[in-house]
Amino acid sequence: MPPASGPPAIPKDPFSTDGYSAAEDIAVNRLVMFGGDLSLDQTWTWNGGAWTLQHPRTSPSGREEAALAYDPQLQMVLLFGGIAPPQNGLDDTWGWDGTTWHDLDTGSNRPPPGEAAMAWDPALHAMVLAPASSSGTDTWTWSGTHWVEHRQAEPWMPTGRLALAFDPVAQVLTAVGFGNVIGPGAGSRIETWTWDGAAWRQISTAHVPSAYGILGLDWDPVTARLLLFGDGPGTESPLRQWSWTGNDWTQLAGVLEPKIIEGLLTADTGALLLVGELSESEGMLTPIDVWRWTGTAWKAQRAR
């Protein structure tokens, strides 16, 4: 008889080529990551030096591109929506308490299913959600048990992927998203908007960022500025990065390392973090890793 096979090996690191979601769990000072196309229903936490695969009692179903952000009132990481294979939009809401997930949404009126951007607005004491699949006229806030819709007459942002972050200096929630395509070598223009609790207002800037993809927008406690990171047309292109002055963008020097094929920005209490999959050579994928922004460069959070 062939020898009995043992239990499946527990992966040491999360693997995914795309679509995972990450946020800082401020209550326990851990990064939380969920989903992605190779780890669809897995929950991982990062303690500053290593990943740990969690085994929650309950869990959201597997998905890509879910919105994820920390809610200080609930003291949970909130998850909304995303896309289940093959291309099914989801509109459920979950909370991670550091040990397991809780199905939270008891409302009948929900945001449009699919991708969305989400961030906590301390000025309004509310979690704000901007669906990417909407017509650009609705924004949602979380009541603690259900989503509340806020509609405005005119579209505020082109449909597509957005990034939201709170600017503690200006005390305003800021959004970035793609506008018009510029052309080869430049990508698309990035528009800038702010939220006053009732409507979004576009900010005209002297300098307009452009990128092929938005990796994220978040607060950098080192430079005390919102930083915007995008990517070029390929993994060999430097990351594109800009600093927000409160009324304009200043482009920073391009960063050659790390070369990533997918990445997300998130901020903890002391640093801006990049959660990304490193491409060491063409066709070679490595586990998802974490880098900290020093103000001038990205520093890997563990040795390889």
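Just so you know, residue 1 is the first one in the sequence shown, and it goes up from there.
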Novice: If you define the side chain from C-beta out and look only at heavy atoms, does anything of Leu79 sit under 4.5 Å from Arg63?
Specialist: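 Result yes, sub-4.5 Å side-chain heavy-atom pair found.
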
Novice: Are the side chain of Asp248 and the backbone N or O of His207 linked by a donor-acceptor pair below 3.5 Å?
Specialist: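 Yes.
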
Novice: Are Trp249 and Thr192 side-chain neighbours, meaning at least one heavy-atom pair lies under 4.5 Å?
Specialist: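 In contact.
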
Novice: Got a second to check how far Trp219's CH2 is from Leu265's CG, nearest 0.5 Å?
Specialist: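 Rounded to the nearest 0.5 Å, the CH2-CG separation comes out at 14.5 Å.
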
Novice: With distance as the sole test, does Gln241 use its side chain to make a donor-acceptor pair with the main-chain N or O of Ala253 at under 3.5 Å?
Specialist: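 Yes, because the side chain of Gln241 sits within donor-acceptor range (under 3.5 Å) of the backbone of Ala253.
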
Novice: Step by step, work out the side chain to side chain donor-acceptor pair (under 3.5 Å) result for Thr45 and Arg30.
Specialist: CA-CA 6 Å; Thr45 56; Arg30 295 283 190 274; 5.5 Å; no

Novice: For residues Trp293 and Phe229, establish whether the separation of their ring centroids is below 6.0 Å.
Specialist: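 Yes: the rings meet the under 6.0 Å criterion.
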
Novice: Taking the six-membered ring for Trp, are Trp44 and Tyr20 closer than 6.0 Å centroid to centroid?
Specialist: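 For Trp44 and Tyr20, the ring centres are not under 6.0 Å apart.
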
Novice: Is the ring pair Trp200/Trp195 parallel, tilted or perpendicular, if the boundaries are 30 and 60 degrees?
Specialist: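 Taking Trp195 first and then Trp200, their aromatic rings sit tilted (interplane angle of 30° to 60°).
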
Novice: Are the side chain of Thr145 and the backbone N or O of Thr106 linked by a donor-acceptor pair below 3.5 Å?
Specialist: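 No, the answer is negative, given that no donor and acceptor are paired below the 3.5 Å cut-off.
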
Novice: Is the shortest side-chain heavy-atom distance between Trp291 and Leu273 below 4.5 Å?
Specialist: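 They are not in contact (no side-chain heavy atoms under 4.5 Å apart), so the answer is no.
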
Novice: What is the distance from atom CG of Asp71 to atom CG of Asp25, rounded to the nearest 0.5 Å?
Specialist: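 Rounded to the nearest 0.5 Å, the CG-CG separation comes out at 11.5 Å.
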
Novice: For Gln75 and Pro72, indicate whether the former's side chain and the latter's backbone hold a donor-acceptor pair under 3.5 Å.
Specialist: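 Side chain of Gln75 to backbone of Pro72: no pair is present.
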
Novice: How does the hydrophobic cluster around Leu78 look, that is, which other residues are in it when side-chain heavy atoms under 4.5 Å mark a link?
Specialist: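 Noted: Leu78 shares its cluster with Leu74, Met76, Phe80, Leu104, Met118, Trp120, Met127, Leu129, Trp140, Trp142, Trp147.
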
Novice: Just how far is it from atom OG1 of Thr99 to atom CD of Gln54, taken to the nearest 0.5 Å?
Specialist: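 With rounding to 0.5 Å, OG1 (Thr99) is 7.5 Å from CD (Gln54).
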
Novice: Let me confirm one number: the CG-OG1 distance from Asp167 to Thr245, rounded to the nearest 0.5 Å.
Specialist: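 Answer for the CG-OG1 pair, Asp167 versus Thr245, is 9.5 Å.
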
Novice: Where do Thr266 and Glu24 land on the side chain to side chain donor-acceptor pair (under 3.5 Å) test, with the steps shown first?
Specialist: CA-CA 7 Å; Thr266 186; Glu24 177 74 9; 5.5 Å; no

Novice: Pair Trp101, Thr43 - check side chain to side chain donor-acceptor pair (under 3.5 Å), show working.
Specialist: CA-CA 10 Å; Trp101 291 95; Thr43 302; 2.8 Å; yes

Novice: Do Val172 and Leu217 share a hydrophobic cluster (ILVMFWY, side-chain heavy atoms under 4.5 Å, transitive)?
Specialist: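 Val172 and Leu217: separate clusters.
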
Novice: Checking Gln301 side chain against Lys299 main chain: does a donor-acceptor pair fall under 3.5 Å?
Specialist: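 Present.
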
Novice: Less than 4.5 Å apart, any side-chain heavy atom of Ile203 and any of Thr194?
Specialist: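 Yes, side chains in contact.
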
